[in-house]
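Structure, as structure tokens:
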Amino acid sequence: MDVRGIVADDVDVRTVSTSYGETELAEVPMRLETADAERPDGRVADGGLETERLADGHERTTVTLWNKWTESAQLLEPGMELLVTDAETKEYQGEKQYSTTGESYVVVEPSFLVNVTAIRNWVECPRLYYLNKLSGVPLNYPVVKGTIVHEVFGDLLRGRELEESIDARVEERGLQLGLLGETPEAVAEDVRENATAIEGWLEQGRLTEGDGSTEAAESTEQTFSPAESSWRSEQLLISETFGIRGRADAIRRGAPVELKTGKNLRKEPRFKDKVQAACYALLLEEHGDEVDTGTLLYTKNSALDRNEETGDLTPAKDFSMGAGLLKFVVRLRNEIAAMEVNGDVPTGYEGDAKCEYCFEQDTCMVVSGRLAQESKAGQIGRPLPDEELEYFERLYRAIEAERRAVHREYAKLWRQDAQERADDDRALIDLEFVEKRPLEEGRWELRARRTAGGTSKLREGDLVLASDGHPVRGDAELAMIERIDEEVVVTADEPVEVTRLDVYPSELTTDRLLVALHDCLLKGDGRRKDVLFGREEPAFSLPEETFIDNNAAQNEAVRKAVGAEDFALIHGPPGTGKTYTIARAIRAMVDRGERVLLSAFTNRAVDNALEAVLEGIGDSLDDDRIVRVGSESGVREDMQPYRLERAGDPEDRLAELENARVVAATTATCGSREMKEQAFDVALVDEAAQLTEPGTFAAANLAERFVLVGDHEQLPPVVRSEGGTQHGLENTSDDEPRAADLTESLFERLVERFPEAGVMLDCQYRMNQRIQYFASQEFYDGELRPAEPAVAGRTLDDLEGVTRDALPEQLRDPVAFVDVEGDGSRYTDDVEAARIAELIETYADAGLAYDDIGVIAPFRAQVSTISKHVPDAVAVDTVDRFQGSSQELIIVSFTATGQLEGPIFEDYRRINVALTRPKRALVLVGDSRALESDPVYARMLEWAQ
DNA sequence: TCTCTGCCTAGAGGA
């Protein structure tokens with residue numbers, strides 16, 4: 001039976017005498033999860049025992065961990081989650097207790113999914129794991145080559161021809177190879193050397209494998225065919241029991257095969273390689289296969305290197321895996337999980353690797369020296385100033401809290417049932433599998449039909465877990481959504497019979513935030529840090545020329561952007577021509593011969609800004625000097641011609657990127673290995689108030705100086721972690737990072753600290769004066785004003801075919817309030833939705849086109865309710881998604897009856913965004929009693945009535 | 001059930 005619960009108190013570890021001699025044991029006081037809950041995998045947590053039941057339905061008991069599991073017990077802290085499989089029960093002083101058996105595994109924090117590579121790194125040196133996370137793996141040739149060899153291996157298993165695969169895989173990495181100064185021929189030759197060893201071995205295996213049937217032998221005559229020979233390539237595996245996730249290179253007859261692009265002439269595989277294979281064995285075991293062997297393929301082993309001892313001719317080394325190794329691997333995994341949850345930093349003393357052999361030795365010593373960390377390798381350099389150390393510590397923990405939030409998303413893959421996932425918009429379920437079709441590249445195209453309506457967050461270009469029913473327990477593979485409407489089309493490496501798609505949570509953003517933080521503080525320019533940490537004032541050498549002659553604030557903003565030596569801040573309230581100002585600033589910079597990075601958090605913002613730059617730069621720069629870096633699905637259609645292809649001839653791709661005078665990319669992409677090789681004179685970051693500090697650094701790190709453009713009175717960065725209440729860690733809640741560390745943008749902090757480095761654009765070109773008034777008073781100290789009389793006086797009458805006189809009197813004013821009592825539900829309001837539908841018809845009757853109307857609601861549930869009532873052409877969305885756009889008429893649904901409940905109303909920046917979207921008319925629809933209950937909303941009501 | 005975008009995964013190697 002499995003025992004799962006929360007550690008309730010300190011753990012007692014001691015040595016006792018048994019008939020076998022001295023033995024270690026650990027007694028863990030635990031609070032069990034709801035007793036008789038049957039787990040979805042059919043295992044039953046203990047239900048029948050008469051243990052002490054607590055008021056909350058949890059039972060309290062003691063679990064005894066024997067022998068080597070005491071090592072994992074030492075890691076436990078009260079509040080951590082613990083799982084013991086195959087436990088036995090015993091009675092002690094009238095109380096039922098549990099203890100490990102010979103079959104048991106002990107898993108610390110099982111819902112934290114540890115990567116297989118993390119375990120592999122950790123077994124070599126725990127600090128290596130930490131360093132990889134902190135400073136990232138830079139672009140280097142051995143790694144790129146290794147990746148290509150792996151891809152070719154997968155292709156061979158899927159039946160692709162060797163030369164075709166090599167050519168295609170080398171071609172795909174054109175940009176990376178260009179950055180590394182490699183030629184396709186040399187790389188292909190290098191890959192060929194490694195791949196022929198594999199091919200020969202596969203061929204040999206095919207002849208001797210004796211899969212049995214003559215049918216199999218015949219059908220594999222041409223190329224190796226996995227379908228007939230119980231092979232499977234590249235499978236993503238997740239274990240909910242062991243808390244491990246990884247992607248096996250290949251699986252042969254249920255056993256893992258791991259490829260290594262190197263040489264190993266010894267008889268045995270390297271220990272860390274065995275550990276890696278053992279991880280996959282554990283993963284496979286959970287999927288129902290008993291695994292006791294593994295194979296390692298060292299591609300540089302060839303006949304020439306015949307091992308004297310064994311006479312090995314092949315690159316393959318088979319080895320057997322005992323229960324001891326598997327348990328050892330779980331204990332390693334426990335160390336990582338405990339460290340991640342506690343936020344500890346490994347020193348290197350935990351392992352016994354020799355630092356002089358380590359290729360990360362220099363990095364290790366520098367990080368130790370600069371961050372004042374104890375390390376086995378020693379330290380180089382002086383520690384950062386205290387304020388920087390404190391900052392690093394704080395942000396590191398905030399980012400790690402964010403990482404744990406991503407892990408909670410992983411855990412939902414198995415903790416929530418299908419319907420819950422679907423209701424959460426995180427999965428499409430009950431699909432009807434239609435067909436699988438092999439693609440040229442050896443991948444598969446999979447089609448399924450949707451049997452029910454329903455929304456989901458899934459979009460074209462997203463990476464998803466495609467499964468035949470369950471993303472963890474079933475047959476599942478990572479897939480890319482190609483098309484999603486009534487039919488869903490995805491591509492994947494393996495032909496899964498798809499009936500369900502799940503959002504696959506990614507740690508990529510958190511990984512990149514951490515690296516950006518590291519780069520800023522440890523590699524960053526000293527002068528910049530002096531300014532960021534308030535030791536120096538930002539400097540300017542402002543140009544005399546006039547860039548924009550009809551808007552003083554915009555002109556001043558461009559002067560500051562061009563003349564900043566450290567940074568400049570452009571505060572752009574709604575409709576004030578931020579993008580135009582950016583375009584002018586970039587033009588001025590380019591005219592001065594500077595290379596500019598244009599960035600923002602979202603693809604949409606990057607494309608919008610780039611569009612303005614293209615309009616503004618026009619004649620002054622050839623099109624091929626402007627490059628958009630990003631994925632095909634992320635970049636807007638009309639910007640595709642500027643998008644940098646990754647595939648192709650290395651020299652061409654490199655030239656395209658390096659010759660570009662303006663490079664546009666999201667901040668996440670700025671943290672990519674390719675972009676990190678680039679250098680710029682200026683980084684200009686739009687929508688900077690929506691970025692976390694490390695997110696801003698990802699762009700700023702690449703440039704000599706930076707310009708941030710944004711509005712901190714609009715929406716802040718999206719942060720997932722709650723910054724306090726962390727699952728299973730009540731005892732350390734005092735030390736938990738405050739969410740504020742990531743929710744306040746660098747833009748906002750710098751605007752407050754160095755107001756003189758910023759300019760606020762004060763003329764808006766969007767709203768009728770009456771509409772603008774409230775936002776100006778409430779959020780911009782009354783300083784926002786219409787740019788010209790035509791803006792101040794604009795009304796719906798200006799639009800062709802619209803007659804305001806045809807509207808009821810109440811709606812003739814540019815701002816109107818419609819009092820609706822509401823239906824009292826929490827996140828939806830049918831009464832409001834129906835009233836809004838009527839309003840839309842009223843405006844349509846007065847001549848307004850549906851696509852000039854936008855409806856904003858606070859909750860997604862209300863958005864979908866309203867959508868059902870109104871024509872498709874009307875844009876209905878949440879505030880968050882409306883940020884950055886505008887409409888002639890905006891109708892706001894407040895969706896609250898009696899009182900304003902919920903945190904969504906507490907952030908007034910959200911109401912600022914909603915009220916500043918319209919150009920000519922604004923209608924507020926809501927319950928006046930609810931709105932009056934809050935002073936800001938009450939003032940809004942007064943203004944609107 | 002408050003709002004929610006990124007990135008494309010993990011892992012690729014070297015004594």
Side-chain angles (χ1 to χ4, degrees), chain A residues 113 115-118 120-121 124 132 137 139-151 153 234 236-237 245-249 258-264 270 272 276 299-300 353-354 356-360 420 423-425 457 459 461-465 477-481 492-493 504-513 600-606 630-634 665-673 687 690-692 695 698 715-720 826-828 857-863 877-883 895 901-907 909-910 913:
Chain A
L113 279 184
N115 281 352
V116 170
T117 31
R120 179 183 143 97
N121 282 338
E124 178 138 59
N132 256 336
V137 180
L139 191 65
N140 62 15
Y141 181 62
V143 170
V144 174
K145 184 188 76 179
T147 308
I148 298 177
V149 172
H150 275 75
E151 287 167 346
F153 177 51
E234 315 216 31
L236 177 78
L237 295 159
R245 126 189 90 157
R247 196 166 159 87
D249 287 342
E258 186 53 33
L259 184 69
K260 295 290 161 203
T261 320
K263 191 179 280 206
N264 178 2
R270 275 188 278 266
K272 63 181 176 185
Q276 188 174 3
T299 60
K300 287 222 177 132
K354 290 195 168 58
E356 58 264 38
Y357 294 151
C358 179
F359 279 73
E360 303 294 345
E420 281 175 308
D423 293 345
D424 220 11
D425 290 347
K457 287 191 169 64
R459 287 179 320 205
D462 280 358
L463 206 62
V464 290
L465 268 174
E477 188 50 85
L478 274 175
M480 158 93 85
I481 300 183
D493 282 344
Y504 186 70
S506 169
E507 278 177 82
L508 191 115
T509 312
T510 42
D511 286 343
R512 291 195 175 166
L513 290 182
F601 183 60
T602 63
N603 275 308
R604 195 174 64 166
V606 170
S631 64
E632 195 182 345
S633 59
T666 59
T667 48
T669 298
C670 288
S672 70
R673 275 185 283 213
E687 308 278 13
Q690 287 191 76
L691 277 166
T692 61
L715 295 175
V718 173
V719 172
R720 262 191 277 219
R826 182 112 194 220
Y827 301 114
T828 58
F859 308 111
R860 276 167 26 111
Q862 177 69 349
V863 166
D877 228 322
T878 57
V879 180
D880 303 61
R881 294 200 191 199
F882 251 104
Q883 174 149 338
T895 326
E901 305 175 80
I904 196 134
F905 295 105
E906 283 165 18
D907 193 337
R909 290 175 286 195
R910 197 165 265 113
V913 174

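The analysis underlying the following values was restricted to heavy atoms, covering all of them including side chains, and did not include hydrogens, waters or symmetry mates. So that the names make sense, note that chain A is the first sequence line, chain B the second, and so on, each numbered from 1.
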Shortest non-hydrogen separation from A/Glu477 to A/Ala492 and the atoms involved = CG-CB, 4.2 Å
ask   = Considering only B/dA15, B/dT3, B/dT9, which nucleotide approaches the side chain of A/Arg270 most closely?
value = B/dA15
query = A/Asn115 side chain N/O closer than 4.0 Å to the phosphate oxygens (OP1, OP2) of B/dT9?
reply = no
ask   = At under 4.0 Å between heavy atoms, what does A/Arg604 touch on the DNA or RNA strands: base, sugar-phosphate, or nothing?
value = sugar-phosphate
ask   = Is A/Thr878 near enough to B/dT3 that one of its side-chain N or O atoms lies under 4.0 angstrom from OP1 or OP2?
value = no
request  = Could you tell me whether the phosphate oxygens of B/dT1, OP1 or OP2, come under 4.0 Å of any side-chain nitrogen or oxygen in A/Gln862?
outcome  = no
Residue A/Glu258, side-chain heavy atoms: nucleotide from B/dG6, B/dG11, B/dT9 that is nearest = B/dG11
Atom of A/Asp249, atom of A/Leu259 and distance for their closest heavy-atom approach = OD2-N, 2.8 Å
key: Value rounded to 0.5 Å, distance of CZ in A/Phe905 from CZ in A/Arg910   = 9.5 Å
ask   = Within the structure, does a side-chain N or O atom of A/Arg881 lie under 4.0 Å from either OP1 or OP2 of B/dC4?
value = yes
query = Which part of the nucleic acid, if any, lies within reach of A/Ser631 when heavy atoms closer than 4.0 Å are counted: base, sugar-phosphate only, or nothing?
reply = base
request  = Output the distance between atom CZ (A/Arg881) and atom CG (A/Leu715), rounded to the nearest 0.5 Å.
outcome  = 13.0 Å
message = Let me spell it out: for each of A/His150 and A/Lys272, pick the nucleotide of DNA chain B with the closest heavy atom. Which residue's pick is nearer the 5' end?
response = A/His150
ask   = Which part of the nucleic acid does A/Glu124 contact within heavy-atom distance under 4.0 Å: base, sugar-phosphate only, or nothing?
value = base
inquiry  = Using a heavy-atom cut-off of 4.0 Å across all strands, would you classify A/Phe601 as base, sugar-phosphate, or nothing?
reply    = base
request  = For B/dT5, take OP1 and OP2 only and decide whether either is under 4.0 Å from a side-chain N or O of A/Arg459.
outcome  = no
query = Between A/Thr666 and A/Thr669, is any side-chain donor less than 3.5 angstrom from a side-chain acceptor?
reply = yes
task = Measure from the side chain of A/Val718, starting at C-beta and using heavy atoms only, and say which of B/dG13, B/dC4, B/dG11 lies closest.
result = B/dC4
ask   = What nucleic acid atoms does A/Val144 come within less than 4.0 Å of, heavy atoms only: base, sugar-phosphate, or nothing?
value = nothing
ask   = In whole angstroms, how far is the C1' atom of B/dA10 from the CZ atom of A/Arg247?
value = 7 Å
message = Any side-chain N or O of A/Thr147 below 4.0 angstrom from OP1/OP2 of B/dA12?
response = no
query = How would you label the contact of A/Asn603 with the nucleic acid (heavy atoms, under 4.0 Å): base, sugar-phosphate, or nothing?
reply = sugar-phosphate
request  = Consider the side chain of A/Tyr827, meaning its heavy atoms from C-beta on, and name the nucleotide among B/dT9, B/dA12, B/dC2 that approaches it most closely.
outcome  = B/dC2
message = As a test of reading the structure: which of B/dA15, B/dA12, B/dA10 is closest to the side chain of A/Arg673, going by heavy atoms?
response = B/dA12
ask   = Does A/Thr509 make a side-chain donor-acceptor contact with the base of B/dG6, cut-off 3.5 Å?
value = yes
query = Among B/dT5, B/dG13, B/dC2, which nucleotide sits nearest the side chain of A/Pro142?
reply = B/dG13
message = Assess whether a salt bridge exists between A/Glu507 and A/Arg245, defined as any Lys/Arg side-chain N lying under 4.0 Å from an Asp/Glu carboxylate O.
response = yes
Separation of B/dG6 P from A/Asp462 CG (nearest whole Å) = 10 Å
ask   = What integer distance in Å separates A/Leu508:CG from B/dT5:C1'?
value = 12 Å
query = Which part of the nucleic acid, if any, lies within contact of A/Gly630, taking any heavy atom under 4.0 Å across all strands shown: a base, the sugar-phosphate backbone alone, or nothing?
reply = nothing
message = Nearest 0.5 angstrom please: A/Glu687 CD to A/Gln883 CD, how far?
response = 6.0 Å
query = Looking only at N and O atoms, is any donor in the side chain of A/Ser633 or the base of B/dC8 less than 3.5 Å from an acceptor on the other one?
reply = yes
ask   = Within the pair A/Ser506 and B/dC7, is there a side-chain N or O less than 4.0 Å away from OP1 or OP2?
value = no
request  = Would you indicate which nucleotide in B/dC8, B/dT3, B/dG13 comes nearest to any side-chain atom of A/Lys260?
outcome  = B/dG13
ask   = Between A/Thr666 and B/dC7, does any side-chain N or O lie under 4.0 Å from OP1 or OP2?
value = yes
ask   = Taking CG from A/Asp880 and C1' from B/dG6, how many angstroms apart are they, rounded to a whole number?
value = 15 Å
ask   = Is A/Arg245 near enough to B/dA10 that one of its side-chain N or O atoms lies under 4.0 angstrom from OP1 or OP2?
value = yes
ask   = Can you tell me how far P of B/dT9 sits from CG of A/Asp493, to the nearest Å?
value = 13 Å
request  = Name the nucleic acid region contacted by A/Tyr141, choosing base, sugar-phosphate or nothing; use a 4.0 angstrom heavy-atom cut-off, strictly under.
outcome  = nothing
message = Classify A/Asp907 by what it touches in the nucleic acid, base, sugar-phosphate, or nothing, heavy-atom distance under 4.0 Å.
response = nothing
